[in-house]
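Everything on this sheet refers to the single structure shown next.
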Amino acid sequence: MRGTVADVMDAAGPQVWYDMTVEVALSVMAAARAEHLVVCDEDARCVGLVTQARLTAVRDSSRYTDRLRLGDITDDSEPFVSPSATREEAEDAVPFGRLGLVPVVDEHGSALGVLALSR
């Protein structure tokens, strides 16, 4: 019997609102000792995921301002996977060459965990 994403996913980790500034998100990440944050909208639906590396790169870029919010750097076109999908189905749903973490969401868009892709 094949396992599902739910069998191999990691905990979602800290969840933050999409209107949080990049600087505050970096502080939350440092305080939580987390490598990523799940970004949610006002209805608590997952809209993406940001890593420490991405936030640091954004902060160090020329387009950075202290008003830049997570919603400005995430979009809901990121791949999301269902906990009932097999790992193979999840990897097929993600654009070729994409490595790293992919949010696992339920039918309402709530983050349940993250799946680490290593292909």
Side-chain angles (χ1 to χ4, degrees):
M1 183 167 107
R2 290 207 236 171
T4 64
V5 167
D7 298 327
V8 295
M9 70 182 185
D10 294 322
Q15 296 184 28
V16 296
W17 302 116
Y18 72 127
D19 62 349
M20 179 179 282
T21 65
V22 169
E23 203 62 42
V24 172
L26 282 164
S27 295
V28 168
M29 197 174 279
R33 293 188 172 108
E35 293 294 317
H36 70 273
L37 299 172
V38 173
V39 182
C40 299
D41 68 11
E42 68 274 354
D43 296 320
R45 286 189 303 258
C46 179
V47 296
L49 184 140
V50 292
T51 62
Q52 184 174 18
R54 176 136 186 242
L55 290 177
T56 301
V58 166
R59 185 190 59 199
D60 295 343
S61 76
S62 62
R63 73 179 191 126
Y64 176 76
T65 72
D66 61 354
R67 287 187 244 150
L68 192 63
R69 304 202 178 276
L70 297 180
D72 299 328
I73 63 169
T74 59
D75 61 31
D76 52 8
S77 67
E78 283 191 49
F80 300 100
V81 296
S82 165
S84 61
T86 66
R87 182 172 180 94
E88 293 79 21
E89 290 169 335
E91 288 181 350
D92 287 345
V94 174
F96 182 75
R98 163 88 191 250
L99 300 177
L101 300 174
V102 176
V104 178
V105 298
D106 66 12
E107 64 275 2
H108 304 290
S110 298
L112 301 174
V114 294
L115 178 65
L117 296 179
S118 58
R119 59 179 169 126

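Here, residue 1 is the first one in the sequence, and each next residue gets the next number. Because only heavy atoms are used, hydrogens play no part in the values below, and waters and symmetry mates are left out as well, while side chains stay in.
The two residues Met29 and Leu37 have their closest heavy-atom pair at CE-CG, 3.4 Å. The shortest heavy-atom contact between Val5 and Ala90 is CG2-CB, 3.8 Å. Residues Cys46 and Phe80 approach most closely at SG-CE2, 3.5 Å, considering heavy atoms. When all heavy atoms of Val105 and Ala111 are compared, the closest pair comes out as CG1-CA, 4.1 Å.
Not a single donor-acceptor pair under 3.5 Å links the side chain of Arg59 to the backbone N or O of Leu26. Put simply, the side chain of His36 gets close to the backbone of Ala12: a donor and an acceptor are under 3.5 Å apart. Under a 3.5 Å cut-off, the side chain of Ser110 and the backbone N or O of Asp106 do not form any donor-acceptor pair. The backbone N or O of Arg45 lies less than 3.5 Å from no partner atom in the side chain of Asp43, so there is not a single donor-acceptor pair.
At a threshold of 4.5 Å between non-hydrogen side-chain atoms, the residues Glu89 and Asp92 do not count as touching. Asp66 places none of its side-chain heavy atoms less than 4.5 Å from the side chain of Thr21. Residues Val47 and Leu70 fail the side-chain proximity criterion, which asks for heavy atoms closer than 4.5 Å. Considering only heavy atoms from C-beta on, Val104 stays 4.5 Å or farther from Asp10 through its side chain.
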* Please test Ile73 against Leu55 for side-chain contact (heavy atoms from CB on, under 4.5 Å), starting from the C-alpha separation and ending with a verdict. => CA-CA 9 Å; Ile73 63 169; Leu55 290 177; 3.6 Å; yes

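Residue Glu35 qualifies as open at atom CD: its count of foreign heavy atoms under 6.0 Å is 12 or below.
Here the straight-line distance linking atom CG of Asp72 with atom OG1 of Thr65 works out to 8.0 Å at 0.5 Å rounding. Separating the SG atom in Cys40 from the CG atom in Asp19 is a distance of 11.5 Å, to the nearest 0.5 Å. Summarising the geometry, atom CE belonging to Met9 is positioned 8.0 Å from atom OG1 belonging to Thr4; distances are rounded to the nearest 0.5 Å.
A continuous path of hydrophobic side-chain contacts links Val24 to Tyr18 [ILVMFWY only; heavy atoms under 4.5 Å]. Hydrophobic cluster membership differs between Leu49 and Trp17, with clusters built from Ile, Leu, Val, Met, Phe, Trp and Tyr side chains linked at under 4.5 angstrom.
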